[in-house]
S.K.: 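Structure incoming, see below.
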Amino acid sequence: MKVHDLAPAPGSTRRRRRVGRGIAGKGGKTAGRGTKGQGARDNVKPGFEGGQLPLTQRIPKLKGFKNPFRVEYNVINLDTLENFQGDTVSPDTLRAAGLVHKHGLVKVLGRGELSRRLQVSAHAFSRSAVAAIERAGGTTQVIPLPFGHGRPPAKGNALTNR
């Protein structure tokens, strides 16, 4: 078998209909457009509704979904903690050192290596960070979230300006 022998299975493809090529075949004369009227003429934009505000303009532009209950953390990695002065690490000491923003929750992530023993307290830890801190002989302590268990208070004008 050669490339020029390849062909679709019999009956799987149909020739496309060539309309408007005379009255001898199907789709001659009006070519399936009916008689007269705007639809029989040329150049009607798809979606044109005769001057009525089109569907694409009637529907509001959806900009996606922003979860009002999302919990955002200031993240800090192990390689940053390796260069941190002191043995106890907490959100307050990190803020004093200028390593995290003055507001918000702190999460420790596991990028980098830790070679010394640290006592780390934060609002959240990744599994790899906990493993690396304990491997180096340190301890981790999870600080309870300020809004308790469940979901945090809603953020955003649509939810808070009521």
S.K.: Please examine the side chains of L114 and R135, heavy atoms only from C-beta on, and report whether any two atoms are closer than 4.5 Å.
M.R.: no
S.K.: Check each of D79, L78, N83 against L81 using the side-chain contact (heavy atoms from CB on, under 4.5 Å) test, and report the only one that passes.
M.R.: L78
S.K.: Please report the shortest heavy-atom distance between L118 and G86, naming the atom on each side.
M.R.: CD2-O, 3.4 Å
S.K.: Roughly how far, to the nearest 0.5 Å, is the CD atom of Q141 from the CD1 atom of I133?
M.R.: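 These two atoms lie 12.0 Å from each other.
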S.K.: Just wondering, more than 12 heavy atoms not from E82 lying within 6.0 Å of its CD?
M.R.: yes
S.K.: Is there a donor-acceptor pair under 3.5 Å between the side chain of H123 and the backbone N or O of K107?
M.R.: no
S.K.: Linking I/L/V/M/F/W/Y whenever their side-chain heavy atoms sit closer than 4.5 Å, directly or via other members, would V130 and V108 fall into one cluster?
M.R.: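 Linked, V130 and V108 end up in one cluster.
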S.K.: For V100, is there any backbone N or O sitting under 3.5 Å from a side-chain donor or acceptor partner on R95?
M.R.: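 Side chain of R95 to backbone of V100, a donor-acceptor pair under 3.5 Å: no, none is there.
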S.K.: Do the side chain of R33 and the main chain of R41 share a donor and acceptor less than 3.5 angstrom apart?
M.R.: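 Checked: pair present.
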S.K.: Got a sec: does the CZ of R151 have more than 12 other heavy atoms crowding it under 6.0 Å?
M.R.: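 No, not enclosed.
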S.K.: Are the side chain of S121 and the backbone of V142 linked by a donor-acceptor contact shorter than 3.5 Å?
M.R.: no
S.K.: Checking R70 side chain against P68 main chain: does a donor-acceptor pair fall under 3.5 Å?
M.R.: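 Judged by distance alone, no pair lies under 3.5 Å.
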S.K.: Between T140 and E134, is the side chain to side chain contact (heavy atoms under 4.5 Å, CB included) condition met? List the steps.
M.R.: CA-CA 8 Å; T140 59; E134 290 173 355; 4.0 Å; yes
S.K.: For L145 and Y73, which heavy atoms make the closest approach, and how far apart are they?
M.R.: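 Nearest pair, atom of L145 first, then Y73: CD2-OH, 4.2 Å.
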S.K.: Say whether, by atom type as modelled, one donor and one acceptor occur between the side chain of R111 and the main chain of N77 under 3.5 angstrom.
M.R.: no
S.K.: Taking the side chain as C-beta and beyond, is there a heavy-atom pair between T93 and F84 under 4.5 Å?
M.R.: yes
S.K.: Specify the closest pair of heavy atoms between G110 and S126, including all atoms of both residues, with the distance to one decimal.
M.R.: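 For G110 and S126, the tightest heavy-atom pair comes out as N-OG, 3.4 Å.
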S.K.: Check this for me: R58, atom CZ, are more than 12 non-hydrogen atoms of other residues, nucleotides or ligands nearer than 6.0 Å?
M.R.: yes
S.K.: Quick one, L99 and N74 - any side-chain contact, counting heavy atoms below 4.5 Å?
M.R.: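 Not in contact.
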S.K.: Strictly distance-based, threshold 3.5 Å: is any side-chain N or O of E49 a donor or acceptor partner for the main-chain N or O of L55?
M.R.: yes
